[in-house]
Amino acid sequence: MKIKQILLALSTLLCLNTMAQDFEVSPLKLNFTAEPGESQTKFVTLKNHSGKTETFMFKLSDMNIDANGDSQYIESGSLRYSVADWISIAPSFFELGPQEEKQVAVTIQQPTNEFGSKWGVLFVYTAQEQTAFDADKSVRAGVNISARVAITVTQTPASNKNYRATISNLSETTTVGQNTRTFSAMVNNLTELITECRVSMIATNLETEEETIIEPTTFQLYPRASRRVQLEFNKPLAKGRYSLAAILDYGTRGSQNNLEGTQIIITAE
C-alpha cells in the first residue's frame, strides 16, 4: 500500500511539474554596462511550450532587499535606485502559437549625468483575456495574470570601478544543541554601485598556526545597502584558541586593493 501511495505521489508531482513548464524564458539575468549618455540593448528569448496559443506580457517591478537577503517586490519607480525611467521593452504584450518563440528587446538609456547603478525585476506573465466584468482591477484591464518568471535587470557603467565596502561585527551565533559553529558579520556597501561580494572565513590555531578555511559565500550588494552574512564550519575545530577572520573580497575579483577583514578570538573546547 505504501509503495502505491509513493508512486501515486511521484506521478502527481511529475504531472504538476510538466504543467508548470508551459513556457521558457532566457536569460534570467540582464546585466547592462551602458556608459553615461549611452543606449544598450539586450534580448530575452521566450518560447511557448504549450499546445495552445498563449498571450504574454512583461511588467517591471522594483526590488527591495533587506539585511538578511530577503527580497520584496514593490511598484516600479518607487525606489531611489529604480531602473524604471531608463528602460524600455519591445514588444511588452504579444501572442505566441504552440512551440513558437520570440525575441524581446530590452533597452537601457543611461542619462548623461548618471554614474551609479540602477536595478529592477522584469516579470514575464502568461495572460488570459477576460470580460470587463471578470477583470482583476489590480492588473491590465481585461487580463487575468497567471504564471510568471522573473528576470533580474541591473545597470552599472563599465568604467565606474569606485567600489568601496566594509565588513564588521563578526560574532558567534551558535545556539544550544547545534553540531556546528556558526558566525555572522555585517557587510556594508558605501557606494552608488552594485557590488559583487565574496566572504571567506579563516580560523588560525594560535599555537600550531594551522588554518581552517570554509567555502566562501558570494552575493550582490546593492548601493548603500547592508547585508548580514551567515558563516558556518561544517566540521568541529580541534581543541585550542583561534584567531577567526572574516575576509571580504569585493568589486573586481582578485584585486588586492578590494580586501577588507574583521577578526575575533575564539576557543574550541
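Position 1 is the first residue of the sequence, and the numbers go up from there.
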> Do E232 and T180 have side-chain N/O donor and acceptor atoms under 3.5 Å apart?
Replying inline: yes

>> Pair T173, T182 - check side-chain hydrogen bond (donor to acceptor under 3.5 Å, both in side chains), show working.
In response: CA-CA 5 Å; T173 56; T182 57; 3.0 Å; yes

> Can you list every side chain to side chain donor-acceptor pair (under 3.5 Å) pair that touches residues 97-110, not counting sequence neighbours?
Replying inline: T41-T107, Q110-Q155

> According to the side chain to side chain donor-acceptor pair (under 3.5 Å) rule, which pairs have a member within residues 63-73, sequence neighbours left out?
Replying inline: none

>> I'd like to know if E192 pairs up with R80 as an ion pair, taking the criterion as any Lys NZ or Arg NE/NH1/NH2 lying under 4.0 Å from an Asp or Glu carboxylate oxygen.
In response: yes

>> Checking E75 now: which residues fulfil side chain to side chain donor-acceptor pair (under 3.5 Å) with it, not counting sequence neighbours?
In response: none

>> Suppose the criterion is ring pair (Phe, Tyr, Trp, His ring centres under 6.0 Å): which pairs have a residue in residues 175-197, not counting sequence neighbours?
In response: none

> For residues 191-225, which residue pairs qualify under ring pair (Phe, Tyr, Trp, His ring centres under 6.0 Å), counting only residues two or more places apart or in two chains?
Replying inline: W119-Y222

> Quick one: hydrophobic cluster around I265, which other residues, with the 4.5 Å side-chain cut-off, linked directly or via members?
Replying inline: L206

> Is the ring centre of F23 less than 6.0 Å from the ring centre of F56?
Replying inline: yes

Would you say that [X] contacts [Y] through its side chain, given a criterion of any heavy-atom pair below 4.5 Å between the two side chains?
| X | Y | result |
| --- | --- | --- |
| N162 | T191 | no |
| L30 | T152 | no |
| K118 | S82 | no |

